[in-house]
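As structure tokens, the structure follows; a few thoughts come after it.
Everything numeric here is computed off the predicted structure, so don't read it as measured data. Scope of the values below: all heavy atoms of this structure, side chains included, with no hydrogens, waters or symmetry mates.
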Amino acid sequence: MKTFIVAVVFLLIGGAIGGFLGFGFGTGMGAGGGLIVGTQAGTCLALGAARDKGILTPAQVDGVIQEAIGRIKARSPAAADPKIQWIATEADCAKLMAEIDQGLRGGQ
């Protein structure tokens, strides 16, 4: 139950970050795209926390990422938009989080 709560909190944080990016930085994808990026970021943060706590092994993380992103795509009307870059691996998560960190720091 504690893990579920942590995952939900990270997904909410990811959605908020995505909304901020979508509205604040005008990423060109609009608010919907920003929310998709945010849910992906939330997925990355939640799975990173699960890996760090030993709940998931590093080998399991990519499979769970792919399952979670598949579920997000299934619920998103923007899933077919070629402008959206979808994550598929933990390496993709690292790249996405680095881009978000750079954007939040103003590209410094």
### Message
Under the disulfide bond (SG atoms under 2.5 Å apart) definition, can you give me all pairs with a residue in residues 37-73, not counting sequence neighbours?
### Response
Cys44-Cys93

## Note on the structure
Here the pair of heavy atoms bringing Gln60 nearest to Ile55 is OE1-O, 4.1 Å

### Message
Glu67: which residues meet the side-chain contact (heavy atoms from CB on, under 4.5 Å) condition with it, sequence neighbours left out?
### Response
Arg71

### Query
Do Ile65 and Thr89 have side chains that get closer than 4.5 Å, going by heavy atoms?
no

### Message
Using every non-hydrogen atom in the two residues, find where Gln40 and Gln85 come nearest and quote the distance to one decimal.
### Response
NE2-O, 3.4 Å

### Query
To the nearest 0.5 Å, how far apart are CD1 in Ile87 and OG1 in Thr43?
5.5 Å

### Task
Output all residues satisfying side-chain hydrogen bond (donor to acceptor under 3.5 Å, both in side chains) with Gln66, sequence neighbours left out; order by chain, then residue number.
none

### Message
If the condition is side-chain contact (heavy atoms from CB on, under 4.5 Å), which residues does Lys73 pass it with, not counting sequence neighbours?
### Response
Ile69, Ala79, Trp86

